[in-house]
Amino acid sequence: MDMDKLVSLCKRRGFLFQSSEIYGGLNGFWDYGPLGVELKRNIKEAWWQDMISGHNELLISNGAPCEHQMVGIDCSIIMHPQVWKCSGHYDLFHDFMVDCKESKKRYRHDQVRGRWALAKEQRVFIATQSGGDEGLQETEQKALKFFNLRAKSLEEISWDGPLVSLITITDFDKVLGPDAKAIGTLTPPREFNLMFKTIVGAMGGEESSAFLRPETAQGIFVNFKNVVDSTRVKIPFGIAQIGKSFRNEITPRNFTFRSREFEQMEIEFFCHPSQSPEWYKYWRDRRYKWYTDLGLSSSRLQLRDHDKDELSHYSCGTADIEYAFPFLPPGEFGELEGIAHRGDFDLKSHMEGKLVRSGDELVVELGEDGKPKHRGSGKDLRYFNDQTRERFIPHVIEPSAGADRGTLAFLCEAYFEEEIEGETRVVLRLNPRIAPVKAAIFPLVNKDGMPEKAKAIYGDLKKEFAVYFDDGGAIGRRYRRQDEIGTPICITVDGQTNQDDTVTWRDRDTLQQKRIPIQGLKEELRNLLKS
RNA sequence: GCGGGUGUAGCUCAGUGGUAGAGCGCCACGUUGCCAACGUGGCUGUCGUGGGUUCAAGUCCCAUCACCCGCUCCA
């Protein structure tokens, strides 16, 4: 499938627009149009229904170790800055970068190394991105070139000290950049923040700066105690949230796939440590099945377990649900959702302070003064089981899905072009549950009372379903218009309707028609949405 | 971030320094009895944006923004 065709359809039919388009657009931001908002809402509602509101906590779900409860929450986007310090985002998403004015390259400040070289009465800091022996060799080569010396005159250069980080350097005018020919081309380090910064309060200064959340998860962790205290939930249970998150991605690309503002659908599932591996497996499989049930084909979808060295510092297991997007090279997949076993990392961080791994253990990271680098809340976030009299920090399984990525995947999967009697038909084979319009109602022609009858049916169905009325142009054209936006059913009032109160029911995928009585339409549509 | 490409009507795209175009779509009227029918009429443009060169710029130059491809980087 050609991605351009889908992008064009999305624009033409009102699924997706570039943000601020009349001003030339803004990189990494997208708007959902009238049909797009319905599609995305349907996907989010399907998720909420299947994970939370429709969940039966009295039954053991397929593959689950025991019963579990599910509740929802909706947290603020801006939170206390300490949340991000303890979660690790502040340190991780907060880099200093230096730019090279000559080579136009950008380097992470802490990843550039180098050593001082003296020759021809000049002292220069020769920088490189390599470390170890490779770094030593590279700096030698660069120094020879810079001082315009032959390889055999290497001894004319004297080296002052070992390979050190650029962080230790203050006189940037004596630095030879990793890809530069002249000295002094590197800019001083500049703050490069992957989190969006904002100011709280109209008169705010630096002390009142805050961040837009880079993930929804932390709102759940900091409310863990509130939920436990207010709802009578018992472990194991999950807290779910749908909401916007923000990341200042360096390279937004591939339509909405990597955006700077995006929507997440996240569950933090809290369980006893001894049961956590079973729950991890349960959520992994359950979440994969959710996508296939809604229409993603298993040939383009994969569940991939992370390698040991790919795991985050806190994780004891992570799997990605990935989709073979058409804009990716064959064989490559893009992430739709990550299911992570996070252990007790998050709750513990918000109790004690930012954690780092030390061997097999998580310990509070200390600052230079020997105190915690980022202090936790000091609140006791342990869970007390009054049956077993056990007090413990629950382990967490986190299925974290991207709503926009899911929406994009469903669109890609649904797009088909096919030849019908020499004409190309464009059709979105969306699952009826997520289709923006469930059915369109047409009068076959605009006479003999057909429009009146069709309008009456439309008015009645509209109370319960997202339906669309169209009497413009020939009937064939109206069918194709609906095919293109994924409407599963077209209902047409024709001459026979006046005699026996039946209408034709036309299927988007098979193009087959059947006659059904007007009274049976609602039941028929309900069945369609159940499947 | 780097390199290459693209930017003209809602969409797809023509356009040689000299009057802004086509197809599709959309709207109205008529016609029309089931898969992008037909007729008539109509709407649609800051030629991505800002500068410059020129008597004259959609066209040439510079800058900038956005999108696509390839690197690079990254949750």
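All chains are named by letter (A, B, ...) in the order of the sequence lines, taking the proteins before the strands, and each is independently numbered beginning at 1. The structure presented is a predicted model; accordingly, all values stated were derived computationally and were not measured.
Remark: the separation of the C1' atoms in B:C71 and B:G15 is 35 Å, to the nearest Å. Remark: the separation of the P atoms in B:U40 and B:U31 is 16 Å, to the nearest Å. Rounded to a whole angstrom, the distance from the C1' atom of B:U72 to that of B:G4 is 15 Å. Only the P atoms considered, B:G48 is 13 Å distant from B:A14, to the nearest whole Å. If you take atom C1' in B:C11 and the same atom in B:G25, they sit 7 Å apart, rounded to whole Å. Comparing B:G58 with B:G21, their P atoms are spaced 13 Å from each other, to the whole Å. Taking atom P in both B:G41 and B:C65, one finds a spacing of 47 Å when rounded to whole Å. Taking atom P on both nucleotides, B:U19 is separated from B:G30 by 41 Å, rounded to a whole Å.
Within the 4.0 angstrom heavy-atom criterion, no nucleotide atom of any strand lies near A:D4. Using a 4.0 Å heavy-atom cutoff across all strands shown, A:M450 reaches at least one base atom of the nucleic acid. Contacts of A:E215 with the nucleic acid, taken as non-hydrogen atoms under 4.0 Å apart, are absent. Residue A:R506 is in base contact, counting any heavy-atom pair closer than 4.0 Å across all strands shown. Residue contacts shown for A:E21 are absent, as no nucleic acid heavy atom lies under 4.0 Å away.
Side-chain atoms of A:N27 lie closest to B:A66 of the nucleotides B:A66, B:C69, B:G33. Here the side chain of A:I475 is nearest to one of B:C34, B:G33, B:U12, namely B:C34. Across B:C26, B:G33, B:A36, the shortest atom-to-atom separation from the side chain of A:V445 is found for B:G33. Residue A:L511 has its side chain nearest to B:C35 when only B:G33, B:C35, B:C71 are considered. The A:N446 side chain lies nearest to B:U32 when the options are B:A37, B:U32, B:G33. Which of B:C35, B:C67, B:C34 sits closest to the side chain of A:I420 comes down to B:C35. Nearest nucleotide to the A:R12 side chain, out of B:G33, B:C69, B:C11: B:C11. The listed nucleotides are B:C34, B:C11, B:C27; the one nearest the side chain of A:R481 is B:C27. With B:C11, B:A36, B:C34 as the choices, the nucleotide that has an atom nearest any side-chain atom of A:K11 turns out to be B:C11. Side-chain atoms of A:K447 lie closest to B:G33 of the nucleotides B:A36, B:C67, B:G33.
Taking a cutoff of 4.0 Å between a charged side-chain nitrogen and a carboxylate oxygen, A:D501 and A:R515 do not qualify as a salt bridge. Residues A:K354 and A:E365 are paired through a salt bridge, judged by an N-O separation under 4.0 Å between the basic side chain and the carboxylate.
Proximity of A:R477 to the phosphate of B:G25: a side-chain N or O atom is located under 4.0 Å from OP1 or OP2.
Across all strands shown, B:C47 has no partner, as no Watson-Crick or G-U wobble contact with both distances under 3.5 Å is found. With a cut-off of 3.5 Å on both pairing distances, B:G58 has no Watson-Crick or G-U wobble partner at all. As the counterpart of B:A14, no nucleotide is assigned, since no Watson-Crick or G-U wobble pattern has both distances under 3.5 Å. With both pairing distances under 3.5 Å, B:A9 is matched to nothing as a Watson-Crick or G-U wobble pair. Base pairing of B:U40: its partner is B:A28, meeting the Watson-Crick or G-U wobble criterion (both donor-acceptor distances under 3.5 Å). Here B:G3 sits opposite B:C69 as a Watson-Crick or G-U wobble pair (both hydrogen-bonding atom distances under 3.5 Å). Nucleotide B:U19 forms no Watson-Crick or G-U wobble pair with any nucleotide shown, as no partner meets the under 3.5 Å limit on both distances.
Side-chain atoms of A:R429 never come within 3.5 Å of backbone atoms of A:R508 as a donor-acceptor pair (strictly under, hydrogens ignored). A distance-only check finds no donor-acceptor pair linking the side chain of A:T487 to the backbone of A:D483 [under 3.5 Å].
Aromatic ring pairs are classed by plane angle as parallel below 30°, tilted from 30° to 60° and perpendicular above 60°; the pair A:F325 and A:Y323 is perpendicular.
Look at NZ on A:K514: it is 17 Å from C1' on B:C34, rounded to the nearest Å. For A:D91 and B:C74, the CG to P distance is 17 Å, given to the nearest whole Å. The CG-C1' distance, from A:L9 to B:G25, rounds to 13 Å in whole Å. Residue A:R260 contributes atom CZ, which lies 8 Å from atom P of B:A66 at whole-angstrom precision. The CD atom of A:Q18 sits 16 Å away from the P atom of B:G7 (whole-angstrom rounding). What separates CZ of A:R480 from P of B:A36 is a distance of 5 Å, to the nearest Å. Straight-line distance from the CG atom of A:L328 to the P atom of B:C68: 12 Å, rounded to whole Å. The nearest whole Å value for the distance from the CG atom in A:N254 to the P atom in B:G70 is 8 Å.
Taking the centre of each ring, A:F269 and A:W279 come in below the 6.0 Å mark. With ring centers used as reference points, A:F270 lies under 6.0 Å from A:F224. Ring pair A:Y32/A:F17: centre-to-centre distance not below 6.0 Å.
Position along RNA chain B of the nearest nucleotide to A:A474 versus A:I22 favours A:A474 as the more 5'-ward residue. Map A:E423 and A:R253 each onto its nearest nucleotide of RNA chain B; the residue landing nearer the 5' end is A:E423.
Between the base of B:C74 and the side chain of A:R258 there is a donor-acceptor pair shorter than 3.5 Å. No hydrogens or angles were tested; on distance alone, nothing pairs the side chain of A:Y23 with the base of B:C65 as donor and acceptor under 3.5 Å.
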**Message:** side-chain contact (heavy atoms from CB on, under 4.5 Å) for A:Q264 and A:E215? Distances and angles first, verdict last.
**Reply:** CA-CA 7 Å; A:Q264 293 184 297; A:E215 62 171 36; 3.7 Å; yes

